[in-house]
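Reading through the structure tokens given below for one structure.
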Amino acid sequence: MSEANDRAVETVDEDPHEGGFRAHAAITTDRGGPRYGEFSEQVRLLMDNARYACPDDELVDELIESLKALNDRLADSRIDEWHSPAGTRIDLPSRGNITLPPYVVTEVNDNGVVAELTFRDFHLGGNNAAHGGHVAVAFDDVGGFASAVAIQHVSRTAYLTVQYRSITPLNTPLRIHAWADRIEGRKVFIKGTLYDGDRLCAEMDALFIKLNPGQA
Ligand SMILES: CCCCCCCCCCCC(=O)SCCNC(=O)CCNC(=O)[C@H](O)C(C)(C)COP(=O)(O)OP(=O)(O)OC[C@H]1O[C@@H](n2cnc3c(N)ncnc32)[C@H](O)[C@@H]1OP(=O)(O)O
């Protein structure tokens, strides 16, 4: 890591370790400012381009210097996970979390959570199709969302299985749906589907456990 990264990590306050139940709900629409979404999009584009790039030596030298400079500037603005915009900006795709495949929630109701999800170049597994791991990541997050909606509490994935039914395309708006199939005490059984139009790409069967107060 760079010097700026070392500095940033040293100055982050120790997390009070409150587990899933935090005193302050991390839901915002303004952290990072009005152009934070554009910033996230540029980062995603960087990841997409890097996935497919084949730079020559001269360009690699140039890019390394540019990226070092960018990373130094970004590292100076690092804060702890609970206060960063990424993961809390509910007005942005995947709450502004660039590590997730971008999805936009279109429905939240008794039937669960529905979202429009697009795997991008960065999510390539092979042969222009999404990597299966990224499909599972999408199910985990939208499934966790559906669990939170069903029990109005934070829960954590105990298991998650994916049935890959057909190829999941990149750069195509897909429909992901997750819902609570049944709830037994702290256990929330979540099911999910991923469709490209009428074609079923994958299905999820998962168990989320409602966290106890203070549970880490
Ligand atoms: C707008 C904002 C949206 C916000 C939306 C945000 C969405 C984000 C979603 C991301 C979710 C994640 O990725 S979470 C990260 C990935 N998951 C993890 O790291 C979890 C690691 N594992 C754990 O922490 C733990 O094992 C837990 C919390 C899952 C369970 O531990 P516990 O709390 O001690 O519970 P425990 O007593 O063991 O189990 C409770 C009951 O569940 C059963 N059980 C527990 N695990 C399993 C299992 N794998 N398979 C079957 N059954 C199980 C037990 O038998 C028991 O049943 P019975 O005897 O009561 O019948």
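In each ligand, atom 1 is the first atom listed, and ligand 1 is the first ligand listed.
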Problem set entry | Short N or O distance, Asp140 and ligand 1, threshold 3.5 Å exclusive | yes
For this session: Run the salt-bridge test on Glu41 and Arg35 with the 4.0 Å N-O cut-off and return the result as yes or no.
Result: no
Exercise. Between Gln215 and ligand 1, which part of the residue brings a heavy atom under 4.0 Å of the ligand: side chain, backbone, both or neither?
Worked result: side chain
Exercise. So between Asp141, Val154, Val149, whose heavy atom ends up nearest atom 8 (C) of ligand 1?
Worked result: Asp141
Exercise. Taking the inter-plane angle between the rings of His177 and Trp179 on a 0 to 90° scale, is it parallel (under 30°), tilted (30 to 60°) or perpendicular (over 60°)?
Worked result: tilted
For this session: Could you list the atoms of ligand 1 found under 4.0 angstrom from a heavy atom of Phe145?
Result: 1 (C), 5 (C), 7 (C)
Problem set entry | Where ligand 1 meets Arg156 - atom numbers and elements under 4.0 angstrom, heavy-atom basis | 14 (S), 15 (C), 17 (N), 18 (C), 19 (O), 20 (C), 24 (O)
Exercise. Of the listed options (Val105, Leu207, Val142, Thr157), which comes nearest to atom 12 (C) of ligand 1 when hydrogens are ignored and any heavy atom counts?
Worked result: Thr157
For this session: Check each heavy atom of Ala158 against ligand 1 and say whether those closer than 4.0 Å belong to the side chain, the backbone, both or neither.
Result: both
Problem set entry | Close-contact set for ligand 1 against Gly144 heavy atoms, below 4.0 Å | 7 (C), 9 (C)
Exercise. More than 12 foreign heavy atoms under 6.0 Å from CD of Glu58: is that the case here?
Worked result: no
For this session: Ignoring hydrogens and angles, state whether a donor on the side chain of Tyr103 or Arg95 is under 3.5 Å from an acceptor on the partner side chain.
Result: yes
Problem set entry | Contact partition for Ile209 relative to ligand 1, non-hydrogen atoms under 4.0 Å | side chain
For this session: May I ask you to decide if the ring planes of Phe39 and Tyr36 are parallel, tilted or perpendicular, using 30° and 60° as cut-offs?
Result: tilted
For this session: Determine whether the side chains of Thr28 and Arg89 contain a donor N or O and an acceptor N or O closer than 3.5 Å.
Result: no
Exercise. What about Lys187: any of its N or O atoms under 3.5 Å from an N or O on ligand 1?
Worked result: yes
Problem set entry | Worked check of side chain to side chain contact (heavy atoms under 4.5 Å, CB included) between Glu184 and Phe189 | CA-CA 8 Å; Glu184 294 172 6; Phe189 293 87; 3.8 Å; yes
For this session: Flag Arg186 as yes when one of its N or O atoms lies below 3.5 Å from any N or O atom of ligand 1, and as no otherwise.
Result: yes
Exercise. If you count the non-hydrogen atoms of other residues, nucleotides and ligands that lie under 6.0 Å from CG in Leu74, is the total more than 12?
Worked result: yes
